[in-house]
Amino acid sequence: METNLPRAVQELRDLLSSADAILIASPEYAHGINGTMKNTLDWLLSHPGFAYKPVSVFNPSYQCHHAHKALKETLRTMAADLIPGA
């Protein structure tokens, strides 16, 4: 367990560790993942409670293509178990 994590990061990691699955909703920003989502994923990158967790990705915009693909690629790199067709 890492020490000296910001409280919000530890709380997020604890919630994700106890979750059965994760739904990520993220808008597209300039053909990519927005900064807030990218920073959140950076805090979860080395967290073992995230790896192999079932994940579904949702984007509220029908025009979103670039960020959706980029987000899924990032999640694959993080060992997320992406739910096909979700």
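Values below: all heavy atoms of this structure, side chains included; hydrogens, waters and symmetry mates excluded.
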Using distance only, find each side-chain donor-acceptor pair of residues 18-28 under 3.5 Å and give its atom names and separation, not counting sequence neighbours.
residue : atom : partner : partner atom : Å
S18     : OG   : D14     : O            : 3.4
S18     : OG   : L15     : O            : 3.1
E28     : OE1  : H65     : N            : 3.1
E28     : OE1  : H66     : N            : 3.2
E28     : OE1  : A67     : N            : 3.0

Just to verify, what does A79 make a side chain to side chain contact (heavy atoms under 4.5 Å, CB included) with, not counting sequence neighbours?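 Testing A79 for side chain to side chain contact (heavy atoms under 4.5 Å, CB included), a comparison that skips the adjacent residues, returns A51, Y52.
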Testing the basics here: between [X] and [Y], what is the closest heavy-atom pair and its distance to 0.1 Å?
X: I33; Y: K38; value: CG2-N, 3.9 Å
X: R13; Y: W43; value: NH2-O, 2.5 Å
X: S17; Y: K53; value: O-NZ, 3.2 Å

Quick one: are L12 and H47 in side-chain contact, heavy atoms under 4.5 Å?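 No, too far: nothing below the 4.5 Å cut-off.
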Return the [atom1] to [atom2] distance between [X] and [Y], rounded to the nearest 0.5 Å.
X: M78; Y: L41; atom1: CE; atom2: CG; answer: 5.0 Å
X: I83; Y: D81; atom1: CD1; atom2: CG; answer: 7.0 Å
X: F58; Y: L71; atom1: CZ; atom2: CG; answer: 12.5 Å

Is L5 reachable from F50 through a run of I, L, V, M, F, W or Y residues, each pair having side-chain heavy atoms under 4.5 Å apart?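 No, F50 does not connect to L5 through the hydrophobic network.
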K72: partners by salt bridge (charged side-chain N to carboxylate O under 4.0 Å, His left out), with sequence neighbours left out: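 K72 satisfies salt bridge (charged side-chain N to carboxylate O under 4.0 Å, His left out) with no residue once adjacent residues are dropped.
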